Amino acid sequence: MNVLVINAGSSSLKYQLVNVEQHRLLAKGICERVGSAESFHKHGLDENEVVIDAKMADHDDAMALVLESLVEGPAKAIDSLDQIDAVGHRIVQGGKYFDRSVLIDDDVIAKIDELAELAPLHNKAALMGIHACLKHMPGVPMVAVFDTSFFQTLPPKAYMYPLPYELYEKYAIRKYGAHGTSHRYISERAAAVLDEPLEDLKLITCHLGNGCSISAIDHGVAVDTSMGLTPLDGLMMGTRCGAIDPAIVPFVMEHENLTPAEVNDLMNKKSGLLGISGISNDLRSVRDASEAGNERAQLAYDMYSNSVKKYIGSYIAVMGGVDAIVLTAGVGENCEKMRRMIFAGLQPLGIILDEEKNRQRGFEREISAESSQVKIIIIPTNEEYMIARDTFEILHEGTDAALA
Ligand code: AMP
């Protein structure tokens with residue numbers, strides 16, 4: 001079964017065509033700056049990637065281009081659109097309605113729209129992607145996969161904020177989490193690497209990229225996660241501040257004369273590694289600058305590792321122990337220095353990094369020392385495959401079809 005995985009942003013449309021049974025990527029690409037005069041389209045696998053300047057007024061135009069490039073031109077992946085069996089859409093906010101992926105119908109579309117209040121940019125963009133597919137591929141089944149659904153198992157003591165209860169009742173203000181598809185994928189893969197049932201394990205999963213989140217997964221069930229009502233909460237990130245004293249927000253608004261939208265922008269786009277270092281949101285640039293003696297870059301680096309370390313400690317307490325800590329995304333998969341700093345000093349908790357294994361490169365792998373009671377595992381995330389797999393499973397419900 002070939003599934004077209006769509007991740008629509010407000011001015012972008014990312015896609016992958018995945019053959020689910022063969023676990024094979026057939027094509028991928030991205031339409032960027034959709035709606036502006038500088039829109040362009042990147043399509044193709046690695047060395048075959050082509051970049052085309054292409055006028056795209058909206059997501060409808062972008063989808064038409066995507067479908068055309070899948071069946072025509074030098075980087076075509078299939079002979080005809082009939083070879084796309086289904087579409088899987090990544091949706092950021094599923095609110096209280098969706099604790100799993102679902103087949104998209106009118107009711108699901110209405111609920112995604114209703115939930116846009118909690119994730120205005122993201123859910124509206126996803127709807128544009130859904131409508132574009134409905135227009136260009138009528139009759140092809142579509143599945144919605146939500147970033148939040150994995151965290152619908154959180155107990156109220158973890159998802160409630162200690163604010164007046166009426167705010168929860170009136171506006172559904174609570175923790176929803178994010179990156180759920182990634183945490184679900186790496187927890188399953190970590191269990192496979194450990195060769196133990198997920199249901200027997202206490203895991204802490206760390207998605208450390210430009211956006212960062214960390215989750216406590218107790219016997220296969222998510223019990224806590226660092227992102228909150230929105231993906232701004234929790235760890236320090238590339239440009240996001242993560243958790244801060246909430247009293248800072250009105251203070252800064254008052255003293256800097258900022259509107260709610262401006263202070264939101266400051267916390268989402270001008271903070272984190274970028275805000276502290278003044279150099280970049282990219283950890284590689286911050287690392288290089290700190291090694292060249294830049295003190296603010298060093299501070300940013302130290303704060304980032306400290307932020308992860310504090311969550312690891314608190315989630316060990318939440319679960320009463322941990323069997324494995326799982327790392328993924330750009331920083332988690334690639335940055336040996338950051339991993340060294342995160343795990344430094346955690347020997348008393350039974351967490352010991354193997355310096356040599358930490359230096360080696362590779363795919364899924366264990367990097368803890370033989371003597372470490374807690375395993376440390378790296379799993380490259382694959383959210384698109386998870387979306388394709390959910391799509392396959394929903395469309396084969398009630399049949400004997402199963403994936404290896
Ligand atoms: P992501 O959002 O998953 O693409 O991750 C982006 C982050 O990963 C950026 O901060 C990059 O600097 C960081 N990153 C990617 N590759 C490396 C690497 N080889 N060493 C250190 N950081 C890296």
Side-chain angles (χ1 to χ4, degrees), residues 5 7 9 12 14-16 25 28-30 32 42 46 49 90 92 122 147 177-187 189 205-215 225-227 230-242 268-292 294 296-308 326-344 353 355 357-365 367 376-387:
V5 177
N7 182 354
S12 67
K14 240 194 223 169
Y15 59 94
Q16 286 195 2
L25 179 61
K28 68 172 182 173
I30 183 166
E32 291 205 64
K42 279 191 205 165
D46 303 324
E49 184 181 87
R90 176 189 177 215
V92 164
H122 293 109
D147 264 12
H179 290 151
T181 312
S182 176
H183 288 276
R184 185 158 57 103
Y185 177 80
I186 65 170
S187 61
R189 289 306 311 156
T205 49
C206 312
H207 180 114
L208 306 177
N210 198 27
C212 303
S213 61
I214 181 161
S215 301
T225 192
S226 60
M227 282 180 166
T230 73
L232 178 58
D233 197 5
L235 296 165
M236 171 178 176
M237 313 184 205
T239 58
R240 286 173 253 173
C241 57
N268 273 290
K269 299 190 181 148
K270 299 176 186 157
S271 301
L273 288 173
L274 174 67
I276 293 295
S277 70
I279 289 171
S280 173
N281 63 312
D282 192 297
L283 193 78
R284 279 168 294 201
S285 311
V286 177
R287 179 194 55 200
D288 295 348
S290 79
E291 284 171 0
N294 183 301
R296 272 174 54 185
Q298 182 63 51
L299 173 63
Y301 212 85
D302 289 347
M303 287 171 68
Y304 187 103
S305 67
N306 201 42
S307 160
V308 179
V326 193
L327 303 162
T328 197
V331 176
E333 289 168 35
N334 301 305
C335 191
E336 60 165 274
K337 182 173 177 183
M338 181 54 75
R339 291 193 298 255
R340 212 179 316 121
M341 289 176 65
I342 290 170
F343 295 111
L353 187 71
E355 293 286 341
K357 288 186 198 160
N358 185 42
R359 270 193 292 274
Q360 289 162 6
R361 302 232 144 228
F363 189 57
E364 296 178 340
R365 63 198 190 278
I367 56 167
I376 307 171
I377 302 172
I378 295 178
I379 305 282
T381 196
N382 195 341
E383 289 158 286
E384 291 79 11
Y385 173 70
M386 209 62 183
I387 293 172

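Counting starts at 1 for both ligands and their atoms, following the listed order. Not measured: the values here are computed from a predicted model. Nothing fancy with the numbering, it's 1 onward along the sequence.
Residue L283 holds the heavy atom nearest to atom 10 (O) of ligand 1 of all those in T381, N334, D288, L283. The option from T328, L273, D282 that lies nearest to atom 12 (O) of ligand 1, judged by heavy atoms, is D282.
At a cut-off of 3.5 Å, with distance as the only test, no side-chain donor of T225 or H183 sits close to an acceptor on the other residue. Side chains of H207 and S213: a donor-acceptor N/O pair is absent below 3.5 angstrom, by distance only. Between the side chains of E383 and S182, not a single donor N or O lies within less than 3.5 Å of an accepting N or O.
Inclusion of G330 in the set of residues having an N or O under 3.5 Å from an N or O of ligand 1 is warranted.
A distance of 5.5 Å separates CG of N7 from NZ of K14, quoted to the nearest 0.5 Å.
Scanning all protein heavy atoms for the shortest distance to atom 2 (O) of ligand 1 gives N210 N, 2.8 Å. Among protein heavy atoms, atom 22 (N) of ligand 1 sits closest to R284 CG, 3.5 Å.
Within a 4.0 Å radius of atom 14 (N) of ligand 1, the protein contributes at least one heavy atom.
Put simply, the side chain of T328 gets close to the backbone of T381: a donor and an acceptor are under 3.5 Å apart. Judged by distance alone, the side chain of Q298 and the main-chain N or O of N294 form no donor-acceptor pair under 3.5 Å. Proximity of a side-chain donor or acceptor of T239 to a complementary backbone N or O of N268 within less than 3.5 Å is detected.
Within the listing of ligand 1, atoms 3 (O) sit less than 4.0 angstrom from a heavy atom of A329. Near R287, the atoms of ligand 1 lying under 4.0 angstrom from a non-hydrogen atom of the residue are 20 (N), 21 (C).
Neither the backbone nor the side chain of M338 has any atom closer than 4.0 Å to an atom of ligand 1 (non-hydrogen atoms only).
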